[in-house]
Structure formats: structure tokens, C-alpha cells
Amino acid sequence: MTSESGSSRSGGVLVSGWVWALAFLIWIQPVVADSGVEFQDIAVDGGAGLAYQRAPSHTEAIWEDFRAQVIFPFFNTPLTPLKSRGAPGVALLDHDGDGDLDIYVTNGPGVNNSLFSNQLLETGALSFVDVGATAGVGAFDHDSSGVCYGDIDNDGDEDLFVVSNFDENRLFESNGDGTYSEISAASGLSDDETYSVGCSFGDVDGDGLLDVAVANAFDMTNQLATATPEPFLYNQHNQLYRNTGGNVFVDVSESSGFLDQVGFPEGFEGSPTVTWALAMVDYDLDGDTDIITADDQAAVPLPRDGGVVRGIFHLWDNDGTGHFTDLTVEKTLNYIGSWMGLSFADVNHDGALDFFSTSVGDYATTLLTPLDPVYGDFFNYQLGDQTSRWFLGSSDGSFSRPDVGELVATPFGWGTSAEDYDNDGDTDFVFHGGMMPGPVVQTCPAAMLENDGTGRFSYDADSVTGSTDHELRNVQGMAMGDLDGDGFVDVVSVSNFDIPPDSTLATYNHAWGSPFDFGRYSQHFVPTGEPLVAEYSGVVYADGTLSVEINSGGNGNRSVEVKALGTRGLTTGGVVNRDGIGAVVELTPDTGDSDSGGSDSDSGSDSDPAAGRTAMKPVLGGSSYASQDSLELTFGLGSLRRGNVDVLWPGGVRNRLYKVRRDQRIIFPEIPCSYDGDWASFRDYKRCVRDALDELVDAGVLDQQQKNRFFGSAKRAYRDEQ
């Protein structure tokens with residue numbers, strides 16, 4: 001792509017039964033979408049320099065002992081580790097400032113985390129070199145899980161925060177030359193007493209410095225914590241750290257109100273829960289950074305079966321100063337589920353921010369019923385109780401839960417991204433996942449959910465038919481971004497272990513009428529014929545792998561890429577962190593008949609589905625599950641030629657740039673002069689804009705031509721909004 005600014009490039013059905021061998025399956029013809037794009041994995045067998053194997057955590061030794069005993073009574077299931085091979089995450093970032101996306105992947109103890117440096121600029125081909133160790137972010141002795149990144153000191157480069165369920169959390173400051181220095185202890189973030197799984201950056205108090213929230217769960221040495229009679233006993237509160245400057249963080253979890261959770265039964269108010277993912281995001285578009293967490297009901301029975309509420313979303317509303325109130329119940333987000341990952345966008349083009357959350361899925365529950373004799377109605381789930389699904393925002397900040405339509409049921413999910421992967425002008429969802437809750441392993445066949453433009457989704461199986469078989473991968477983290485600079489987003493996912501390709505997989509014992517009914521699972525232990533007793537199947541799971549699936553862009557659609565740039569320290573009135581994290585970006589396709597630039601005389605057909613539909617995405621410093629998407633946002637234009645870009649910055653300032661042409665990459669700086677502000681006169685507004693743009697030219701952010709363009713757009717935006 002060419003650069004515009006400085007760089008190139010329903011319920012009611014009960015789940016029952018257990019099938020220990022291949023059983024009769026009601027085959028259906030799946031209803032699938034056809035996006036016109038195809039993904040191809042370039043990391044197979046270490047291709048393109050992407051050699052990665054996930055080293056197991058120390059808890060794998062527990063499974064080794066059970067396998068050595070051969071016979072496995074189901075009563076031992078709660079004593080098995082939840083993630084014996086760890087919970088790797090992935091982040092897509094430009095670590096060396098060369099304009100292309102690199103890949104950071106976490107690993108287990110005794111193996112370096114990988115930082116795959118993209119060689120596209122250097123060689124002209126998409127290939128990678130692992131510089132994790134030499135760059136100082138290998139963390140060889142660390143059992144790393146989630147990762148997030150952001151410019152914590154506003155010096156123009158990305159700093160990395162890596163968390164762990166078993167070790168202390170670590171912060172790596174970028175030195176600006178592609179290398180890093182570990183500053184964990186000095187920063188105040190190296191807490192070795194928490195069981196952390198993920199993190200997210202955002203500025204909660206509006207001082208232009210990135211703060212960080214940490215998602216905590218429980219000690220994953222065994223699964224007892226997910227199925228205890230006291231459902232909050234083993235859990236840990238999440239944490240919020242305020243950046244005080246100088247790369248020093250202070251725990252403000254209590255003083256900020258972040259510990260005052262609601263939505264639980266009497267006697268459990270404020271209790272900690274199991275949080276798998278969180279995101280710092282302006283959910284209500286009021287200009288400040290709020291927080292949403294995805295929590296897990298797990299094996300705690302539902303209230304209708306005598307259990308209590310544990311797994312709901314928590315929506316922490318910011319008052320603008322960094323003090324939070326949990327509005328979960330008020331905003332109707334107290335939906336019970338086994339919520340795993342989070343991604344955000346406006347999927348139905350109504351101007352409100354929506355989100356998607358992965359869950360354990362409808363099929364996983366059918367694999368747990370052999371434990372019913374032990375736990376009674378413990379797993380008495382209905383269709384829809386565990387479905388991954390989207391939630392639609394409204395103008396008052398509340399959320400509704402629509403049915404999932406023709407999807408009917410979904411498989412297991414961890415990581416998720418909200419991206420317009422076919423560039424047709426609306427946001428799709430992608431998710432992956434896999435889990436070994438005991439004697440079986442359930443994975444996910446790559447859930448590509450294509451949006452029809454109204455916020456309804458269908459399964460796009462064709463896009464991944466020729467790529468990696470993800471049913472053989474126990475995927476944890478995933479992220480998306482444009483790795484090869486062609487204007488289409490790509491998918492990166494990481495597994496903690498893989499199923500051997502010659503394994504015999506069992507089919508689901510229930511067909512819901514969903515396109516996912518074809519799914520299969522691996523039997524770690526198989527039945528002996530004796531009640532509640534199984535024996536080791538002999539299957540040896542391999543170390544986890546990295547998948548880097550490149551988008552073919554085969555449908556001919558086009559896009560615009562937008563990189564938000566906060567100007568704290570660059571302009572007199574700039575208040576936003578340098579990465580623009582917390583901003584919300586919109587693109588509205590322009591269907592006008594003329595182009596003021598003169599190079600594209602028409603703007604495409606008004607009949608294009610993208611015409612007139614505004615797409616919206618936030619700039620997030622971590623969400624998904626243990627992972628972070630690219631900070632550069634890709635907006636599809638279909639066959640249209642241009643669109644108008646709006647940015648709502650943290651603090652509430654709004655800027656607009658008109659007539660951004662397709663295939664352009666826009667670095668959009670914060671101009672601290674809102675076109676909808678309360679100005680004494682147009683002259684005062686213009687003076688503010690001109691002064692800020694002059695400062696950005698002096699700082700080398702814009703050239704004179706770019707300055708003139710932003711100035712012209714700012715003036716027009718003011719007139720259009722008055």
C-alpha cells in the first residue's frame with residue numbers, strides 16, 4: 001500500500017450422552033459463506049523462518065504421571081492441570097520501527113520467547129528472523145503466557161509486557177534500536193504472587209500515559225479451582241496499575257474501585273472470579289477509557305441447577321478521572337457463560353460499539369457428561385448456554401444478546417479478533433481455541449464468521465479449506481494484522497500442543513443443525529468398559545506450533561489502513577498517548593462523483609455493499625485472549641475508491657480527514673482541536689488547528705502537503721458539523 005503520511009507500504013435442548021467410539025452422526029449440509037478470499041499458512045514446518053515449538057509448563061509432569069499409571073479414574077479429573085503446556089499468547093507489532101509488522105510469541109520455561117522480525121522491507125519477500133534472544137525479550141527462564149504492548153513512555157517505540165500464571169510478570173522497555181531492557185522490578189509490575197493470564201494497556205486518567213490492567217485467574221496446577229463448592233475460593237482479583245511517569249507503575253486496584261465487583265449473590269459481593277481476558281476500551285464513546293472483563297462460570301453449576309452466578313462480563317465505567325463503577329447489571333451484561341476472549345467493533349453499522357466473546361462452546365459440554373454420575377446435574381447445559389456470541393451495543397451504553405442465527409452452535413474458543421478480513425466494508429469475527437479438560441481434547445476448526453453487513457454471521461469454511469487443519473492444534477492466543485502490506489489482514493495463532501496427524505479422532509455425539517457439527521475430538525484416555533474408568537490411549541501430543549495464515553486478497557476488494565498517533569509531547573494541547581490506544585476510529589465510504597485530488601475521477605459504484613456504511617473499530621492495547629492485534633486498523637472499501645476517516649480521541653476530541661483514497665496507509669495524528677467543540681469563533685478553531693499542525697511539521701510527523709490536507713479537512717469538518 002502507498003503511504004499518506006511518512007512510511008510505506010435459544011435454548012431448551014438438553015445435552016446428554018457420551019460416545020467413546022465412532023457413533024452415528026446426523027450429517028447435514030453446512031450453510032457456509034464465501035468471502036472470496038483464501039488463507040494459506042506459511043509457517044508450516046518452520047517455513048518463512050517461523051520455527052516455533054511451545055515448551056510445556058512444569059505441570060506437564062502431572063499428566064506424565066497419570067499416563068504412566070495407564071488407568072485413569074474420572075474422579076482424578078479435578079486433580080489434572082488445566083493448561084499443562086502453558087497458555088501462549090501472540091502480539092503483532094512493529095518492534096523495530098521499519099514499517100512492517102513483527103510477531104512476538106510467548107513460550108515456556110527453558111525456551112526463549114520468539115520475536116520474529118519481518119524481513120519484508122529488507123528483502124522484498126515475506127520472511128522472518130527470530131531475534132527474541134538477541135533483542136533481550138527471550139525470557140528464557142520464564143513460563144510466559146499473555147502479552148500486550150504499548151509506548152509507556154511516549155518515546156516513539158513499543159514496550160512489551162509479558163505475564164505468567166506461574167512466574168512474575170515482566171516488563172521490557174524498548175531501547176529504540178530494536179533491542180529491549182528488562183525493567184520489571186523497577187517498574188512495580190513484577191508481581192510474582194498473582195496467577196496472570198492476560199493484560200491490556202490504556203490511559204484511564206487522561207494524563208497521556210498508558211496504564212495497564214492485568215487479568216488474573218487461579219493457580220492452574222489443577223482444575224479443582226474451577227469446580228470447588230466455594231466458587232470464589234481460589235480466584236484472584238484483577239489488577240489495575242497507574243503509570244506515574246518514568247516507567248513506574250502503582251497498583252490502584254482498590255482506590256480506583258476496580259475491586260468492587262457486582263452481579264454476584266448475597267454474601268459474595270466483590271468476590272474475585274476467573275478472568276480470561278480484559279480490554280481497556282471506550283465502550284460508550286464518551287472519550288474516556290473503560291474496562292470490560294470476560295469471566296468464566298467454568299464447572300460451577302448454573303443458578304437453575306442450584307449453583308451461583310460467577311461467569312459474567314464486568315463493565316467498569318470510567319468517570320473520566322480513573323475511578324470505576326461496575327455497571328454490569330445496569331448495562332445488561334450479566335449474561336452467564338464460560339467467557340474466554342474479547343474483540344470489538346460496530347458490526348451492524350448503527351454507531352454503537354459491539355463486541356464478541358468466545359466461550360467453551362456447545363460441543364464441549366457433550367464431552368463432560370461421563371462425570372454426571374459424580375456430580376449429578378453439574379453439566380446439565382442447554383443449547384446456547386456455552387455459545388460464543390456477539391453482543392450489540394446501544395446509544396445508552398447497554399448491550400443486547402441476539403441469537404446466533406444459522407450458526408446455531410459453536411465450538412470451543414479462546415483467542416478472537418474483529419476484522420474485515422474480506423474488505424467488503426463490514427467487520428467479521430475470527431476465533432480459535434482448544435482445551436483438554438480431562439480425558440479428551442476438544443479443538444476448533446478455525447471459526448471464520450463472515451458478516452452479512454447487518455450483524456448476522458455465517459461460517460466461511462471455504463476461506464481456510466487449503467490451509468492448516470486447526471482441529472489438530474490446541475490453539476490459545478491469536479491476533480490479526482496486515483503482515484505483507486497488501487491491504488488484507490492475516491491471522492496468527494499459537495497452540496500449546498498439537499494432535500498427531502495420524503490420530504484417530506472421534507466425532508461429536510450430537511448434531512445441533514450447525515455448520516460446525518462436523519467437528520471431532522481427540523481421546524487422551526479411552527473407556528475400559530468399567531464405569532467411570534478409562535485408560536491411556538497412547539497418543540503423544542506434540543509441542544505447540546505457530547500458524548501464520550496469509551490472506552490471498554483474492555476477491556479484489558480494497559482497503560484503507562489507519563495508524564492513530566497521539567501527540568502528547570508533540571503539540572501544545574496534545575493529551576493522547578503516542579500509540580493512540582483508546583481512540584475509536586470510523587471510516588465512512590464516500591460515494592461522491594468527484595475527487596478533489598483529481599486522480600480518481602469516480603468513486604466506484606453506489607451499489608457496492610460498502611456504500612454508505614460506516615465501520616468502527618477501537619485501538620486496543622490488548623484483548624483477544626492473552627494477545628494483541630496490530631495497532632494499525634484496516635478498513636475495507638469493497639470496490640469503492642475512497643472514504644472519510646473520523647477519530648474520537650481519549651479526552652473527547654474529534655478529528656476528521658476527508659477523501660482518503662483506497663490502498664493508502666494513513667498516519668492520523670491527534671489534532672487537539674475538536675471540530676464539534678464549543679468555539680468562540682471559526683477563527684479561533686482554525687488558529688488552534690494551524691498551530692497544532694505547525695508543531696507536527698516541526699516534529700517531522702507531517703510534511704507541508706500533509707499539513708495542508710489535514711487543515712482543509714479540519715475546516716470542512718467544522719462547517720459540516722455546525
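Using a 30° and 60° split on the angle between ring planes, F399 and F355 fall in the perpendicular class, above 60°. Using bins of under 30°, 30° to 60° and over 60° for the plane-to-plane angle, the ring pair F682/Y718 lands in the parallel bin. Ring planes of F356 and W390: parallel class, angle under 30° (limits at 30 and 60°).
Side-chain atoms of H314 and D326 include a donor-acceptor pair closer than 3.5 Å. In this structure, a donor-acceptor pair under 3.5 Å is absent between the side chains of Y283 and D354. Side-chain contact check for N169 and S196: at least one donor-acceptor pair (N or O, by modelled atom type) lies under 3.5 Å. At a cut-off of 3.5 Å, with distance as the only test, no side-chain donor of S145 or N165 sits close to an acceptor on the other residue. Using modelled atom types, one finds no donor on one side chain facing an acceptor on the other under 3.5 Å when comparing T321 with D205. Between the side chains of S630 and E632, no donor-acceptor pair of N or O atoms lies under 3.5 Å. Side-chain contact annotation: E173 with N247, donor-acceptor N/O pair under 3.5 Å present. Side-chain atoms of T614 and T588 include a donor-acceptor pair closer than 3.5 Å. Residues T275 and D295 bring a donor and an acceptor atom of their side chains to less than 3.5 Å of each other. In summary, the side chains of Y241 and Q239 do present a donor paired with an acceptor at a separation below 3.5 Å, with no hydrogens or angles considered. Remark: the T572 side chain and the E695 side chain contain an N/O donor-acceptor pair separated by less than 3.5 Å. In the model, T325 has no side-chain atom that pairs as donor or acceptor with a side-chain atom of D317 under 3.5 Å. Looking only at atom types and distance, the side chain of Y234 has no donor-acceptor partner in the side chain of D219 under 3.5 Å away.
Using a 4.5 Å heavy-atom threshold, the side chains of L696 and T567 count as touching. Looking at L620 and D629, their side chains never come closer than 4.5 Å, going by heavy atoms from C-beta outward. Counting heavy atoms from C-beta on, the side chains of V163 and R170 never come closer than 4.5 Å. Within the 4.5 Å cutoff, the side chain of N243 has no heavy atoms near those of the V212 side chain. R310 has its side chain within reach of N235: a pair of non-hydrogen atoms, C-beta onward, lies under 4.5 Å apart. You'll find the side chain of D428 stays beyond 4.5 Å of the side chain of E419, heavy atoms only. The shortest side-chain heavy-atom distance between H142 and V162 falls under the 4.5 Å cut-off.
Taken from CG in L631 to CG in L92, the straight-line distance is 9.5 Å, to the nearest 0.5 Å. How far CD1 of I312 is from CG of D296: 12.5 Å, rounded to the nearest 0.5 Å.
Tested against S200 for a side-chain contact (heavy atoms from CB on, under 4.5 Å), the candidates L210, V214, L278 yield a single pass: L278.
A donor-acceptor pair under 3.5 Å is formed between the side chain of W679 and the backbone N or O of S674. Side-chain atoms of S174 do not come within 3.5 Å of backbone N or O of D159 as any donor-acceptor pair.
In this structure, K617 does not pair ionically with E586, as no charged nitrogen and carboxylate oxygen lie closer than 4.0 Å. With respect to the salt-bridge test (charged N to carboxylate O, under 4.0 angstrom), the residues D157 and R578 do not qualify.
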Notebook entry, point to check: Should F668 and F710 be marked as a ring-ring contact (aromatic ring centres under 6.0 Å, His included) after you check the CA-CA gap, both sets of side-chain angles, and the distance that decides it?
Noted result: CA-CA 9 Å; F668 199 127; F710 275 100; 5.2 Å; yes
Next item on the list: Would you check, one step at a time, whether the test ring-ring contact (aromatic ring centres under 6.0 Å, His included) holds for F232 with F268?
Entry: CA-CA 8 Å; F232 303 96; F268 295 106; 5.0 Å; yes
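S624 is linked by a side-chain contact (heavy atoms from CB on, under 4.5 Å) to M478, S627, counting only residues two or more places apart in sequence or in another chain. In this view, D284 satisfies the salt bridge (Lys or Arg N to Asp or Glu O under 4.0 Å) rule with no residue, not counting sequence neighbours.
Both the sub-6.0 Å distance and the 45° axial angle are not jointly satisfied by K331 relative to the ring of W316. Relative to the ring axis of Y675, R656 places its NZ or CZ within 45° and under 6.0 Å from the centre.
The two residues L259 and N238 come nearest to each other via the heavy atoms CD2-O, 3.7 Å.
The number of heavy atoms from other shown groups lying within 6.0 Å of CD (E254) does not exceed 12.
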